[in-house]
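Have a look at the structure below before the remarks.
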Amino acid sequence: MNWYEKNARDLPFRQTKDPYKIWICEIVFQQTRINQGLNHYNNFIKRFPDVKTLATAEENEVLLYWKGLGYYSRAINIHKAAQQIMNDYKGVFPSHYEDILTLKGIGKYTAAAIASICFNGKIPAVDGNFYRVLSRVFADDFDISGSKAFTYFSELAHLILPDNVGDFNQAMMDLGSEICKPKNPVCIECPLQEDCLAFSTNKISDFPVKTKKVKMENLDLKYYFVHRKGQFLIQQRKDDFIWKKLFEFPISISIDLEPFVKGVKVINHKLTHKNLQIEIADVEVNSEIVWNNLIRENKYIITDREGSHEKSFPKPLESYIQNTLKD
DNA sequence: AAATCGGGGCA
DNA sequence: TGCCCAGATTT
């Protein structure tokens with residue numbers, strides 16, 4: 001706690017206890033490093049400054065502000081949760097852990113973080129930082145990849161919980177992020193060095209123990225970039241796979257477009273568990289009759305460069321659009 | 001209990 | 001190239 005008092009990171013959500021802002025920041029920074037999400041957080045708060053603004057916004061606009069952040073179900077859930085707060089809690093953010101937990105997209109960690117930071121709740125917000133710091137300090141080889149890890153390290157955390165749990169939770173985050181890092185931790189500057197069992201036995205790199213292994217999968221996507229006079233066709237994805245509800249080019253077209261294909265661009269894109277190979281056929285429709293037939297299907301959305309700025313595209317498609325239409 | 005969901009930084 | 005990050009939800 002003394003270390004945190006002197007070394008707390010200066011972050012935009014550190015000067016507030018507004019549960020709305022803390023909530024948004026917790027969701028934005030799930031599985032996301034601070035530098036990566038900072039602009040998204042600031043832009044999001046500027047456009048949606050409170051629960052009501054968010055609840056009454058269009059889902060697609062919420063997704064637009066999430067563009068490029070990844071894990072898009074977070075944006076969909078954050079929007080639903082805002083409506084939950086309006087309907088079930090009269091627009092007032094719930095203050096009890098169990099009530100916060102009922103909100104879409106808020107799990108045990110986030111509920112604990114909000115309850116402790118905003119409402120003086122006495123619940124440790126156990127995340128990856130907790131796993132790492134506690135497993136090292138106690139040289140505890142409990143496997144953090146199992147589903148029992150959360151309960152185990154929560155109970156461990158309760159043993160060392162001070163009065164101000166909100167600051168304690170944030171202190172653990174900063175310590176885990178700045179000092180007790182996954183690789184090359186800065187033990188020389190660590191306030192817990194004398195108490196750290198892993199350090200004193202020179203076994204820092206043995207903790208935390210994580211057994212789960214990652215397997216990669218290959219996935220091919222074939223798109224048609226169908227355009228005419230600066231306009232092009234897009235559609236919206238479902239919410240059951242990657243890139244939930246983001247916009248993309250048509251996958252298949254009923255009309256034979258092969259005569260119009262000018263070339264095919266291949267993009268390789270890495271996801272956490274997938275290697276994507278994306279083929280984009282450049283289809284310039286130079287026949288107005290064919291173009292009108294495509295439009296008449298009423299199956300695709302027609303947009304252009306300006307319109308595409310108002311839609312959320314997956315990262316590789318966003319890059320493709322920018323490169324293709326830059327002139 | 002295990003699988004799934006993005007994107008970026010880093011060694 | 002593989003691992004990790006202010007995890008939650010679905011299967």
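Residue numbering restarts at 1 for every chain, and letters A, B, ... go by the order of the sequence lines.
Partner A:Y320 forms a ring-ring contact (aromatic ring centres under 6.0 Å, His included) with one of A:F249, A:Y223, A:F313, A:F232 and no other, that one being A:F249. In summary, of the residues considered (A:K262, A:K229, A:H227), a side chain to side chain donor-acceptor pair (under 3.5 Å) with A:E284 occurs for A:K262 alone.
Counting non-hydrogen atoms under 4.0 angstrom, A:N129 reaches the backbone sugars and phosphates but no base. Residue-level contact check: A:F13 touches the bases, meaning some heavy atom is under 4.0 Å from a base atom. Across all strands shown, A:R237 has no heavy atoms under 4.0 Å from either base or sugar-phosphate atoms.
Going from the C1' atom of C:dA6 to that of B:dA11 covers 23 Å, rounded to whole Å. Rounded to whole Å, the C1' atom of B:dC5 lies 14 Å from the corresponding atom of C:dC5. Using atom C1' as the reference point in both C:dC3 and B:dG6, the two lie 15 Å apart (nearest Å). Atom name C1', nucleotides C:dA8 and B:dG9: the rounded distance is 23 Å, in whole Å.
As rounded to whole Å, 12 Å separates atom C1' of C:dC3 from atom CE of A:M216. Atom C1' of nucleotide C:dG7 and atom CD of A:E26 are separated by 11 Å, given to the nearest angstrom. In this entry the distance linking CH2 of A:W23 with C1' of C:dA8 reads 14 Å, nearest Å. Atom CZ in A:F207 sits roughly 19 Å away from atom C1' in C:dC4 (whole-Å rounding). We find that CG of A:L103 is positioned 16 Å from C1' of C:dG7, with the value rounded to whole Å. Rounded to whole Å, atom P of C:dG7 lies 15 Å from atom CD1 of A:I22. Protein atom CG of A:D127 is 12 Å distant from nucleotide atom C1' of C:dC4, rounded to whole Å. The nearest whole Å value for the distance from the CD atom in A:E178 to the C1' atom in C:dC5 is 13 Å.
Between A:K203 and A:D206 there is no salt bridge, since no side-chain nitrogen of the basic residue lies less than 4.0 Å from a carboxylate oxygen of the acidic one.
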Counting primed atoms plus P, OP1 and OP2 as sugar-phosphate and everything else as base, spell out the protein contacts along nucleotides 2-11 of chain B at 4.0 Å heavy-atom distance: B, S or - for each nucleotide, 5' to 3'.
---BBBB--S

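When ring centroids are compared, A:F29 and A:F13 come within the 6.0 Å threshold. Checked against the 6.0 Å centroid criterion, the rings of A:F142 and A:Y152 qualify as a close aromatic pair.
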Test side chain to side chain donor-acceptor pair (under 3.5 Å) on A:Q30 and A:E26 and set out the steps.
CA-CA 6 Å; A:Q30 280 172 9; A:E26 290 301 340; over 6 Å; no

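Nearer the 5' end of DNA chain C, as judged by each residue's closest nucleotide, is the contact made by A:I34, out of A:I34 and A:K104.
Here the side chain of A:K67 pairs a donor or acceptor atom with the backbone of A:K311 at under 3.5 angstrom.
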